[in-house]
Amino acid sequence: MIFRQLFDGESFTYTYLLASRPGGEALIIDPVLDRCDRYITLLDELDLKLVKAKDTHCHADHITGLGKLRDITRCITVMGQATTVDVVSMRVDDGDTIDIENISLRVLYTPGHTNDSYCFLWDDGLFTGDTLLIRGTGRTDFQNGSSFDAYHSLFERILKLPDHIKVYPGHDYKGDTVSTIGEERAFNPRLQVSSADEYADLMSGLSLASPKMMDVAVPANLSIGQSLTIDPEIVSATVTVEDAILQIEGNAVLFIDLRETRERQVTGIIPGSLHTPYLELASAIEDGGLLNAIVKETGKSLILYCAFGERSALALQVLKQSGFDKVTHLGGGMAAWTSAGAPTEPSGIS
Ligand SMILES: [Fe+2]
């Protein structure tokens, strides 16, 4: 197993890189924009393919590396369902898993520091973001934070985990790197309260200054999809829901669903679409691959779609570079499709 805890000295952020083997798939948690070159070098040195990049929440103290890593590696960006970030490939909810090769992280929705804060449980380790720090907790005074939500997340969710679970925080300002649930329960001064009211009083008495990067970081972190929405190749090959529905009638088009099985089960699929998960796209389009064979045999053009239009935009670039010319992608993805009231069918039929 490969596990790296990487540090950004400007924002005191910890970034985590996980993979099950050299040469395999990798996942990164809370990457920092200014450190992306370092991550890319490390990925190369360890011979890893970055397939997912995840933020625990929308950060106020640094600009996220999600957008840059996606643009360089075409990885899937992941955030929680409660995020308001403009373009994220995949949104996960409490109880979901984030999966890469031989690694599965369980998602815990833990609002409080912000209303889009999530923790991730991986075997005996918990990536806590700013929900729980070593001998501290995340502030709750901006970005829809709530001391009462934080109390609930800490006492009803996080501290219900076994004592031996390791705590990997999103920041540390003292140089600590790891703790445990038992250690924090016993020694974290913020957790020595007996009620939500007492916790709220404690937090409201902190009178903290705003993070110095806040006015820059939050707007930047809410618009990570910008590079995709202005790329001329992508813009010219983006179809609306209305365009896509019109093309169905001619029966010369095939919808390709790039999402993962869980996402398909939640929302259903576009009727008759073919499932080609984004991470399996390369093998599907090479000579002898299923998608390659179908296109050659039927001559149909393809409309790629995913959850929100990010994976399909990246896949569009890959297909164009591989010589597929009759291909477009559905702007806004399945979210746009369902909000327009367009037809769906349960996954498993096609
Ligand atoms: Fe934060």
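Any value given below was found using the heavy atoms of this structure, including those in side chains, with hydrogens, waters and symmetry copies removed. Note that the structure is a prediction, hence the values are computed from the model and not measured. Ligands are counted one by one from 1 in listed order, and the atoms in each one are counted from 1 as well.
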(message) One thing to verify: whether E233 and K320 come together as a salt bridge, which I'm taking to mean a side-chain N less than 4.0 angstrom from a carboxylate O.
(response) no
(request) Establish, for the pair R91 and F308, whether the NZ or CZ atom is under 6.0 angstrom from the six-membered ring centre and no further than 45 degrees off its axis. (result) yes
(request) Measure from NZ or CZ of K174 to the centre of the six-membered ring of F12 and say whether it is under 6.0 Å with the direction within 45° of the ring axis. (result) no
(request) Kindly state each residue pair satisfying salt bridge (charged side-chain N to carboxylate O under 4.0 Å, His left out) with at least one member in residues 272-290, sequence neighbours excluded. (result) D287-K296
(message) So that I can tick it off, tell me whether E101 and R21 are bridged by a salt bridge, with the cut-off set at under 4.0 angstrom between side-chain N and carboxylate O.
(response) yes
(request) Sort by chain and number the protein N/O/S atoms that are closer than 2.8 Å to the Fe ion (ligand 1), and list them. (result) H57 NE2, H113 NE2, D130 OD2
(message) Would you call the rings of W122 and F127 parallel, tilted or perpendicular, taking 30° and 60° as the class edges?
(response) parallel
